[in-house]
Amino acid sequence: IISAQAPLMQRWYALETSRGEPWAHYAASNLGSFAGLLSYPLIVEPLFTLDQQSRLWTAGFILLVALVVGCALTIPAGAVKPAPAERSHPPSRRRVLHWIALAAVPSGLMLSTTTHLTTDIVAMPLLWALPLGLYLLSFTIAFARRRGLANFVTFIAPLIILAAGAFAFASGTHRPLFAATVGLGLLFVVAVTLHAEMYRLRPQVDRLTGFYLALSVGGVLGGAFCAIAAPILFDWAYEHPLLILAAALLIPQQNYVPAFDRIWASPIWSPRLGLWLPVLALLLSVVDTAWSDAPSALALGASGIIARTALFSIGRLWVFAACLAALMMSYGGWSTLKLSLTDVRTRSYFGIYTVASTSERDAITLTHGTTLHGLQNSRPGKRLEPTTYYVRGSGVGLALAAAPALYGSDANIGIVGLGTGTLACYAQPGQRWRFFEIDPAVVRIATESGYFTFLRDCAPQAAIILGDARLTIAREPAGTLDMLAIDAFSSDSVPMHLLTREAFRVYAQALQPDGILLVHISNRYLDLEPVLAAAARQGGWEAALFEYRPDEEEDGHATASVWVALSKSRDALDTMMIASGSNGYWQDLEPRPGFPGWSDDYASILPLIEGWTE
C-alpha cells in the first residue's frame with residue numbers, strides 16, 4: 001500500500017490540469033526512498049531497538065495517512081469526472097512490453113551487480129546498499145524536469161557499456177576498489193539511460209497508472225529472474241553479463257562518428273558484411289584468450305580490434321551487442337565457461353561455491369565468493385591434516401585436542417558450519433560428532449563431490465543436521481553437548497542472530513554445565529570481539545581469546561585465525577588451556593565501553609566495522 005501511493009499521488013495531482021504534468025514527483029519520491037535506504041543502516045538500526053523501530057514505524061504510518069488525506073483534500077471537487085470527455089489512445093501491446101523490458105533490465109542489473117560484487121570482487125559489509133541506492137537515484141535523474149544530466153548520461157551510455165561491460169566476467173579481487181567502481185558506474189549509467197527512455201516514451205497523463213503498472217511489472221520480473229530463476233539455471237552469476245547485453249540492445253544509440261553511419265548506409269557496404277563482424281569479433285576473443293600467456297601486445301591487439309569493431313557498430317544494436325559479448329568473452333568469459341563445464345562450481349540461494357586445485361600449494365580449496373571456506377592438502381600423508389583456520393595450533397585445534405582430557409573418550413561434539421568438513425579430522429574413536437549446516441549444497445560438496453574427504457575418512461558416522469543452527473540446536477536435548485564450535489562469521493554476511501544474548505542462552509542450554517563454546521570471529525572487515533565480550537558479561541560466561549599467527553616454517557596451508565572459548569565453568573576453561581599446553585597464549589576478552597552487545601531486539605554492525613570511528 002505504501003509503495004503504491006506514489007503513483008496515486010501523481011494521479012491526484014494530474015486531476016487538476018492547471019497544476020502541470022506530475023512526472024517530476026516520481027523523481028522526488030525516489031529521492032525520498034534513497035534517503036530512507038541510507039537512514040536505516042546508518043541511523044535507525046544503530047540507535048533504536050526493534051521495539052522502538054516498531055513504534056517509530058507506526059507513528060510514521062499514521063503521519064503518512066494524514067499527509068495522504070491532506071493531499072486528497074486539495075483536489076478540487078470539479079476535478080474528478082466520472083467519464084472524461086477525451087482520452088488519449090491506449091498504448092500498443094508492443095509499447096507496454098517495451099516499458100516492461102526497460103524497467104526489468106535495471107531492476108535485475110541492480111541485483112546482479114550486488115551478486116557480482118560480493119562473488120567475484122569483494123565482500124564488504126553494507127555493500128548491498130550501494131547498488132540499491134544508485135538504482136533509486138537513477139529514477140530521480142531520469143524523471144527530473146531538467147533533462148540535461150539524463151541526456152548526457154544517455155549520450156555516453158554506449159561508451160560506458162562497452163568500456164565497463166567488457167569486464168563482466170573478469171575477477172576484480174586484485175583491484176577491488178577499481179572493479180567495484182566500474183561495476184557500480186555501469187549500473188548507474190544503464191539505470192539512468194533506460195529509465196530516461198521510459199520517461200521519453202511516457203504516455204499522456206490519463207494513462208499514468210497503466211504506465212506505472214508496467215514499470216512495476218518490469219521491476220518484479222527483473223528481480224525474480226535474478227533472485228529466483230538464476231540460482232536454479234546458472235552455477236555462476238551469468239545473469240550479470242546477460243543483463244548487460246540486454247541493456248546494450250535497449251539503450252538508444254547514435255554513432256559518435258558520422259562517417260561510420262555513412263559507411264553503413266553506403267551501397268558498397270553489404271548488410272552481410274555487417275553480419276560477419278560479430279563472427280570476426282568472437283574468433284578474435286578466442287585468439288585473445290589463447291594468447292593470454294603470450295606477450296601482452298598480442299592480447300591487447302586482439303581485444304583492441306574487437307573494441308574498435310564495437311565502436312564502429314554503435315547504432316546497430318544487434319551487431320553492437322554481439323561485439324560486446326565477444327569482448328566479454330576475451331576478458332574472462334571463456335575461462336568462466338570452462339569452470340562451469342568442469343563441474344567445479346555449485347550455486348545455491350546462499351551463494352556461489354568454487355572448488356579449485358592449486359598446484360603451487362598442492363591443495364584443493366573451496367571458496368564462497370571471495371571467502372575461503374576450506375582447503376585439503378594434496379600431498380601424500382598430509383590429506384587428513386587440518387588446514388587454514390583449523391590447524392592444530394589454532395584455538396579450535398587446541399581445544400578439540402583437549403576434549404578427551406576434559407570429557408573422556410566419549411565426548412559429544414557439535415560444529416556449526418560444515419565447510420569442507422576439516423574439523424572432522426579432530427574426531428577420535430568413541431566420540432559423537434554432529435554438524436549443523438544450513439546449505440544443502442555445502443553438504444553435497446563435503447560428502448559427495450569427491451574433492452574433499454575429511455568427513456569420509458575422519459568421521460564417517462558424524463550426523464549432519466540441516467537447517468538454521470540456532471533453531472536446530474534449540475531442539476537438541478538439554479545438556480548433551482560437551483563442546484560446541486561455531487564457525488559462521490568469516491564472510492561479510494554475518495548471521496547476527498547467532499551472536500545475540502538469546503542465542504547464547506540456547507548454546508548454554510545445549511551444553512553440559514562444564515561444556516565449552518568455541519566461536520570463530522576471524523573477519524576481514526568486522527571486529528566481533530566486543531560482541532563476544534558483551535555476551536559473556538551479560539550471560540555469566542568465562543571467556544578467553546586465542547589469536548593464531550602461522551609461523552614462517554609452516555607449509556603455507558595455515559591461516560591466521562581468532563577463536564574465542566567460553567564456558568560457564570572457569571575450571572573447565574583453565575583445564576582446557578592447560579591440557580592443550582597453551583595456557584599462556586589465551587587472553588581475557590576486554591569489553592568495549594559503551595557497547596551494549598547484540599540481542600534479538602537490537603543489533604548493528606556499524607560500530608564494529610574495522611576503522612570505524614564513532
Side-chain angles (χ1 to χ4, degrees), residues 1-82 84 87 99 103 106-107 110 128-147 149-150 191-192 195-196 198-199 202-220 223 601-602 604:
I1 292 173
I2 292 173
S3 300
Q5 59 89 30
L8 176 68
M9 293 299 101
Q10 295 179 65
R11 175 63 178 161
W12 286 356
Y13 183 89
L15 287 173
E16 188 178 5
T17 55
S18 62
R19 286 175 167 171
E21 290 196 345
W23 307 104
H25 289 73
Y26 198 63
S29 171
N30 281 277
L31 188 60
S33 298
F34 175 74
L37 168 69
L38 292 184
S39 69
Y40 187 79
L42 298 180
I43 300 174
V44 177
E45 190 178 48
L47 296 180
F48 300 99
T49 67
L50 288 181
D51 181 65
Q52 291 169 336
Q53 291 177 40
S54 178
R55 296 174 187 274
L56 182 65
W57 183 90
T58 303
F61 185 78
I62 293 172
L63 175 61
L64 177 64
V65 170
L67 292 173
V68 171
V69 171
C71 289
L73 294 175
T74 66
I75 303 173
V80 183
K81 300 177 181 179
R87 294 202 69 189
W99 287 340
S107 172
M110 179 265 295
W128 59 269
L130 295 179
L132 181 55
L134 292 175
Y135 173 77
L136 294 172
L137 278 180
S138 71
F139 284 106
T140 301
I141 296 173
F143 281 73
R145 282 196 177 96
R146 297 181 178 179
R147 307 304 304 159
L149 184 55
V192 169
H195 290 152
M198 282 198 75
Y199 179 84
R202 68 194 184 281
Q204 295 296 318
V205 173
D206 60 313
R207 302 286 177 182
L208 177 147
T209 51
F211 173 76
Y212 282 123
L213 177 61
L215 190 155
S216 299
V217 170
V220 169
D601 193 44
Y602 172 83
S604 172

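Nothing here was measured: the structure is a model prediction, and the numbers come from that model. Count residues from 1 along the sequence.
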Between [X] and [Y], what is the shortest heavy-atom contact and its length?
{"X": "A142", "Y": "A196", "result": "CB-N, 3.4 Å"}
{"X": "A103", "Y": "P106", "result": "O-CD, 3.4 Å"}
{"X": "P203", "Y": "W23", "result": "O-CZ2, 3.5 Å"}
{"X": "T140", "Y": "A27", "result": "OG1-O, 3.1 Å"}
{"X": "R145", "Y": "E21", "result": "NH2-O, 3.8 Å"}
{"X": "A14", "Y": "P22", "result": "CB-CG, 4.0 Å"}

Please examine the side chains of [Y] and [X], heavy atoms only from C-beta on, and report whether any two atoms are closer than 4.5 Å.
{"X": "W12", "Y": "T74", "result": "no"}
{"X": "H195", "Y": "Y135", "result": "yes"}
{"X": "L136", "Y": "L31", "result": "no"}

Just checking, R11 and Y212: is the charged tip under 6.0 Å from the six-membered ring centre and within 45° of the axis?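 The answer is no; the distance or angle limit is not met.
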Could you state the interatomic distance from [atom1] ([X]) to [atom2] ([Y]), rounded to the nearest 0.5 Å?
{"X": "M9", "Y": "S29", "atom1": "CE", "atom2": "OG", "answer": "10.5 Å"}
{"X": "L215", "Y": "M198", "atom1": "CG", "atom2": "CE", "answer": "4.0 Å"}
{"X": "L47", "Y": "S604", "atom1": "CG", "atom2": "OG", "answer": "8.5 Å"}
{"X": "L134", "Y": "L37", "atom1": "CG", "atom2": "CG", "answer": "10.0 Å"}
{"X": "L67", "Y": "I62", "atom1": "CG", "atom2": "CD1", "answer": "12.0 Å"}
{"X": "L38", "Y": "S33", "atom1": "CG", "atom2": "OG", "answer": "11.0 Å"}

When the ring planes of Y13 and H25 are compared, do they come out parallel, tilted or perpendicular, using 30° and 60° as the limits?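 It falls in the tilted class, 30° to 60°.
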F211 vs F143 aromatic rings, parallel, tilted or perpendicular, using cut-offs 30° and 60°?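 Geometry flag for F143 against F211: tilted rings.
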When you measure from the side chain of [X] to the backbone N and O of [Y], does any donor-acceptor pair fall under 3.5 Å?
{"X": "R55", "Y": "L50", "result": "no"}
{"X": "D601", "Y": "D51", "result": "yes"}
{"X": "Y26", "Y": "A144", "result": "no"}

For Y602 and Q52: C-alpha separation, side-chain torsions, deciding distance, then whether side chain to side chain donor-acceptor pair (under 3.5 Å) applies. CA-CA 10 Å; Y602 172 83; Q52 291 169 336; over 6 Å; no
